[in-house]
Amino acid sequence: MVCEHPSGRGGSAVRLAEDGDRWRNQGWYRPVGELLFGFVLPLAGIAIPVGAFVWEFVFVGRKRLGWRVQMDTPVTGEAESGHAGALRQLRQTAEGAERNLQDLSVVLVRIENHGATTIDATDYVTGQNGQAGLHLHFPQRRVIGMAVTELSNPGLAVCFEPDSGFGHRELAGQDIGVIDLPKVPLNRSDHYKILATLERTAGAGDYPEPTMQGVVTGGGITKTQGRSGASLLMLVLIGFLVTVIAAMAVLDIVESEAAPSGCATGRLTVVGSTAFARVVEEAGELYERTCPGSAIGYEFEGSERGMTRVDDARGADGALLAIGDGPKGADFPALVQRPLALSLFTVVVHPKTGVSDLTVEQIRDLFLGRVTNWRAVGGADLPVRVVNRYAGSGTRWNFETRLLDTGQPPEPGITCNELARGGEPGRCQTLTTGDVLDEVAGIPGAVGYSEAADAADAAGVVRVTIGGRPATREAAAERTYPFWGVEYAYSYGDFAPGSIGASFVRFLMREGGQDVIRRYGNLPCAELADASGCHPYR
C-alpha cells in the first residue's frame, strides 16, 4: 500500500531558497541619535521579525510535525459520558463479551502539520523494515482500544488501512502502552485525531504525560499549544516592536519640542506700520510655534512712531523691532533697514461714488482738491470727501511718492466725524489703516488708500484699479502697477548676536515668513531676480 497526499502530489516537497543581502558601508556621517532612531531601530523593527519568521518557518521549521493532547480524562462509574458509546465499542472482546475495565481514561490527541511545507511519507525516519512513523507512549497505562475520530481531508483515510502500521502494543517489561501511527503525509495545516481508551497498569493519582517518539527530517516534532493564545516567540516579537515604536515616538516628541537651528528664546515687541500688521502678526504666530520659548507682542501705531521707539530705546538689546513701509530718512541715522517685501497698496472708495477705475491723474486731482464732485471723473453726483493718513505714515509716504508726485494735499480742516455729518466736500485724517477703511465705508463720497490685502477683506469699500491695472505683485514687480512700496525691518544698529530680534527678521526674510508674505499678495524681496527691485525709488 502506498499512502500519498490526497492532492495527488508525490513525495517531493517544495524547498524554499533564501539569498542573503550584503550590507555595504555607505559612508553616512550622521549624529548618533539620528542614526540610531532614524535608521537602525526602524530597520531592526523590520529585519528582526522577518528574520525570525524566515528562521522559524523556512530553515528550522520547514517540515515540522506538531502534536498536542486535547483531552486526557479519567472515566468513572459506568462511563456514561459523551464518549460512552465509543467506550462500549472499545470494551468489546473478540468473542463479543464486554471486558471489565478498571481505572479507565480517555485520551484525544491531535497530530498536525505545523510547519511551512509538506510532510511526505519519506520524511518519517523508522527502524529497518518498520511501517509506523510515530509512536505515542503512555507511561503506567495500557491501550485498550483506539479509533481515528477526525481527518482534515477524507483522503487521509487510506493511510490507516490494516497494513499501514496503525495499531497499539505494550513495551515489554516497561509498563508503557504504545500507539503506533502510520507515515501519514500531510499538506500544510492538515491534521488528524486519535481517540484512545487506556487502563492504568501502575501508580496512582494523575497519569504521567503522554510522549511522542519519532523523527521527521527537515524540522522535527513539536508539542504544540492550542490556538487561543500567542506563542512565546510571538510575545517576544510583539514586545520588541512595541519598544521600537515607543522609542521612535519619544524621539518625535523630543524633536518636536527642540527648537530648530536659528531659533531664539525670549520676548520681542514689534512696532510700526499698521499696513503690514496682519502679515507680521501671522508670521509671528508661526515663529512662536516653530521656536518654543519665544513670545512676540505687537504695538502698531505707524511707521514713523515705530522707528522713533526703536531709536529712543536703542533697540532694547534686540528685543524691539520696527516694521515700516517707507525709508528711514535722515532723522534716524542709527537705524539699520532691511528690505522684506514689495508691498501692494490700493485706492478705496465708498460704493456710492459709482467709480471702480481711476487714472493716476484723476487720483491726483481728487486728493489735491482740484476735483470736488465725482461727476468730474465719471461717477455719481456726490461731493468728494478725502480720508488721509497722518504725516509719518509709511503708507501715506508711498501714496504721495507714487501718485501725487510733488503735489501736497491741503491740510484738513475738520475731523472725520464732522466730515461724516456734513454734506459738503472736505477732508480729514486718521491714524491707522483700519481707521481709513472704516471711515471710507461709513462716509458717502469718501476716498482713501490702504494696504491691498486689508482692503480686500474690508466690507463696504470698493478697490479701485489704476489705469485698468489691479493690484498684483506681478504688476508691481514689472512696474506696470504704480501704487507699491517696500516694507522694511528696522533695528538699532546691528542686532545683538543670538537675539530674538535677529532670529525673527531672519525668519521673515529667508524662512517660513516668506510663505505668509506671499499669502497676503506681497512679494518677498529675497525672491526677486534683481535685489535692487526692492529699492523704494525705482
Side-chain angles (χ1 to χ4, degrees), residues 1-16 56-72 90 107-139 141-172 174 176-198 209-225:
M1 188 276 296
V2 177
C3 181
E4 295 184 347
H5 289 286
S7 62
R9 295 195 298 271
S12 62
V14 177
R15 310 284 189 206
L16 298 180
E56 182 76 7
F57 293 102
V58 176
F59 291 106
V60 175
R62 276 191 310 168
K63 291 180 181 291
R64 176 173 292 177
L65 186 137
W67 73 282
R68 64 179 183 269
V69 177
Q70 293 187 309
M71 179 179 67
D72 190 347
L90 294 173
V107 177
L108 181 65
V109 180
R110 175 187 171 104
I111 296 92
E112 60 190 351
N113 184 342
H114 192 62
T117 189
T118 300
I119 296 175
D120 298 307
T122 56
D123 292 322
Y124 295 89
V125 178
T126 60
Q128 188 174 8
N129 298 322
Q131 288 182 295
L134 302 171
H135 311 280
L136 266 172
H137 286 199
F138 298 94
R141 286 188 278 186
R142 175 190 302 114
V143 179
I144 304 302
M146 62 187 185
V148 179
T149 62
E150 181 176 308
L151 299 171
S152 61
N153 192 315
L156 294 175
V158 67
C159 300
F160 295 91
E161 293 182 352
D163 59 348
S164 64
F166 182 45
H168 63 84
R169 57 190 170 86
E170 291 183 59
L171 292 182
Q174 298 187 42
I176 296 177
V178 179
I179 294 179
D180 295 319
L181 299 173
K183 302 174 184 178
V184 181
L186 299 170
N187 291 327
R188 289 183 60 185
S189 301
D190 274 354
H191 73 273
Y192 62 92
K193 294 183 180 181
I194 301 295
L195 178 68
T197 303
L198 301 101
E209 291 287 332
T211 61
M212 179 72 79
Q213 305 294 321
V215 176
V216 174
T217 60
I221 299 173
T222 303
K223 189 172 183 180
T224 61
Q225 302 294 326

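Taking the side chain as every heavy atom from C-beta outward, Lys223 and Met212 never approach each other to under 4.5 Å. For the pair Tyr124/Val215, no side-chain contact is recorded, criterion being any heavy-atom separation below 4.5 Å from C-beta on. No side-chain heavy atom of Met71 sits under 4.5 Å from any side-chain heavy atom of Lys193. Taking the side chain as every heavy atom from C-beta outward, Glu112 and Trp67 never approach each other to under 4.5 Å. Within the 4.5 Å cutoff, no side-chain heavy atoms of Asp180 are placed close to those of Phe166. Counting heavy atoms from C-beta outward, Leu65 and Leu134 have side chains that approach closer than 4.5 Å. Proximity of Lys63 to Asp120: side-chain heavy atoms (C-beta onward) are separated by under 4.5 Å at one or more points. Contact check for Arg110 versus Thr224: no side-chain heavy atoms found under the 4.5 Å cut-off.
Each of Asp72, Leu198, Ile179 was scored for a side chain to side chain contact (heavy atoms under 4.5 Å, CB included) with Pro210, with one residue passing: Asp72.
Asn113 places a side-chain N or O within donor-acceptor distance of the main-chain N or O of Asn187, the cut-off being under 3.5 Å. Remark: side-chain polar atoms of Gln213 are not paired, donor with acceptor, to backbone N or O of His137 under 3.5 angstrom. In this structure, the side chain of Ser152 engages the main chain of His191 through a donor-acceptor pair within 3.5 Å.
Across all their heavy atoms, Val148 and Phe160 have their closest contact at CG2-CD2, 3.6 Å. Scanning both residues, Ile194 and Ile111, for their nearest heavy atoms gives CG1-CD1, 4.2 Å. For Pro182 against Tyr192, the heavy-atom pair with the smallest separation is O-OH, 4.5 Å. In plain terms, the two heavy atoms of Ser164 and Cys159 that are nearest each other are CB-O, 3.0 Å. Closest non-hydrogen pair, Leu156 versus Leu186, comes out as CD1-CD2, 4.1 Å. The two residues Gly66 and His114 have their closest heavy-atom pair at N-CB, 3.8 Å.
Taken from CD1 in Ile119 to OG1 in Thr217, the straight-line distance is 9.0 Å, to the nearest 0.5 Å. To the nearest 0.5 Å, atoms CD1 (Ile176) and CZ (Arg169) are separated by 10.5 Å.
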